[in-house]
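Per chain, numbering begins at 1; letters A, B, ... match sequence-line order.
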There are 2 protein chains.
Amino acid sequence: MKNATGLFFDAFANRNRFNILMQLRNRDMCAGDIQQTLGIEQTNLSHDLKCLLNCKFISVRKDGRKRIYRINNETKNLVDEVGKHVKNYETYLKKCGILKEEKNGRV
Amino acid sequence: MKNATGLFFDAFANRNRFNILMQLRNRDMCAGDIQQTLGIEQTNLSHDLKCLLNCKFISVRKDGRKRIYRINNETKNLVDEVGKHVKNYETYLKKCGILKEEKNGRV
DNA sequence: TGATTATATGAAATTTTTATCATATATAAA
DNA sequence: TTTATATATGATAAAAATTTCATATAATCA
């Protein structure tokens, strides 16, 4: 049985999901907009949005046949904190040697 | 090529490595102490400590044939921020439905 | 010096996570 | 009321991460 911290990181530290949170930091967006901006495949995006919603990291409202997603404030702040840390440690992360640098990047 | 955010989460959001950071938040410890406290297998612990060192999330000093590890201050703060968020969202994380709760937990 | 304790290394095996695929539903417009 | 658009669901395939295994090194002590 995984504990709350494990579940938290599974939700938050996932590449696509964190990218979505970073986008929503700027403005509310519907799924289609996020899809276009990040290039995430439709079904993956839908899975990811549901996860973020269930965890209450984001909320949603309806507008016609679209659904508009918004990041909550606490989560936005944490995204910012992480952003700072990444910036400060970027150099070391890149030459860690244990972490692998393959794959396509986050935004 | 994975970017800095991806590398950051690989280092920081890993179960064993985050548990190590949580322990070091309380006091400096040598590998043996961490091993006993967290029950991480020796070679895994060594891999994890090297990763955290290379990323500069922790530092090390020698004491006889032991090595004493210490968390840096910025990283300690981020660990605390994450802790708060986990606490606030724990209920939702546990009933997310997409995140899986198997496996053994973090401390 | 040789033995012992503490920690490190690298490759292979296992497990877990993430993406893909086929398909479903919900709302609105024609 | 049929069609098109927007988004959701669940099972499996593919990719990546973590653990295990065999072994190495480094410092101290007898």
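The side chain of Thr43(B) approaches dT20(D) more closely than any other nucleotide in the set dT20(C), dT20(D), dT7(D). Closest contact between the side chain of Arg65(A) and the listed nucleotides dT18(C), dT27(C), dT28(D) involves dT27(C). Comparing dA19(C), dT9(C), dT17(C) by their closest approach to the side chain of Asn16(A) singles out dA19(C). Among the nucleotides dT20(D), dA19(C), dT18(C), the one closest to the side chain of Arg17(A) is dT18(C). Comparing atom distances between the His47(A) side chain and each of dT7(C), dT9(D), dA8(D) picks out dT9(D) as nearest. Among dT7(D), dA8(D), dA8(C), the nucleotide with an atom closest to any side-chain atom of Leu49(A) is dA8(D). Taking only side-chain atoms of Ala31(B), from C-beta outward, the nucleotide of dT7(C), dA27(D), dT20(C) with the closest atom is dT7(C).
At least one side-chain heavy atom of Phe9(B) sits less than 4.5 Å from a side-chain heavy atom of Phe12(A).
Between Asp33(B) and Lys66(B) there is no salt bridge, since none of the side-chain N atoms of the basic residue sits less than 4.0 Å from a carboxylate O of the acidic one. Using a 4.0 Å cut-off between charged nitrogen and carboxylate oxygen, Lys87(B) and Glu90(B) do not count as a salt-bridge pair.
Residue Arg15(B) places no side-chain N or O under 4.0 Å from the OP1 or OP2 atom of dA17(D). For dA8(C), the OP1/OP2 oxygens have no side-chain nitrogen or oxygen of Lys66(B) closer than 4.0 Å. For the OP1/OP2 pair of dT9(D) and a distance below 4.0 Å, the side-chain nitrogens and oxygens of Lys50(A) include at least one atom meeting the criterion. Between Lys62(B) and dA27(D) there is a side-chain N or O to OP1 or OP2 distance below 4.0 Å.
Comparing Arg67(A) and Gln42(A) along DNA chain C, the residue whose closest nucleotide (by nearest heavy atom) sits nearer the 5' end is Gln42(A).
Following chains of ILVMFWY side-chain contacts shorter than 4.5 Å, one cannot reach Ile98(B) starting from Val86(B), and the two form parts of different hydrophobic clusters.
Atom CG in Asp10(A) sits roughly 13 Å away from atom P in dA17(D) (whole-Å rounding). If you take CD1 of Ile20(A) and C1' of dT7(D), they are 13 Å apart, rounded to a whole angstrom. If you take CG of Asp63(B) and P of dA26(D), they are 19 Å apart, rounded to a whole angstrom.
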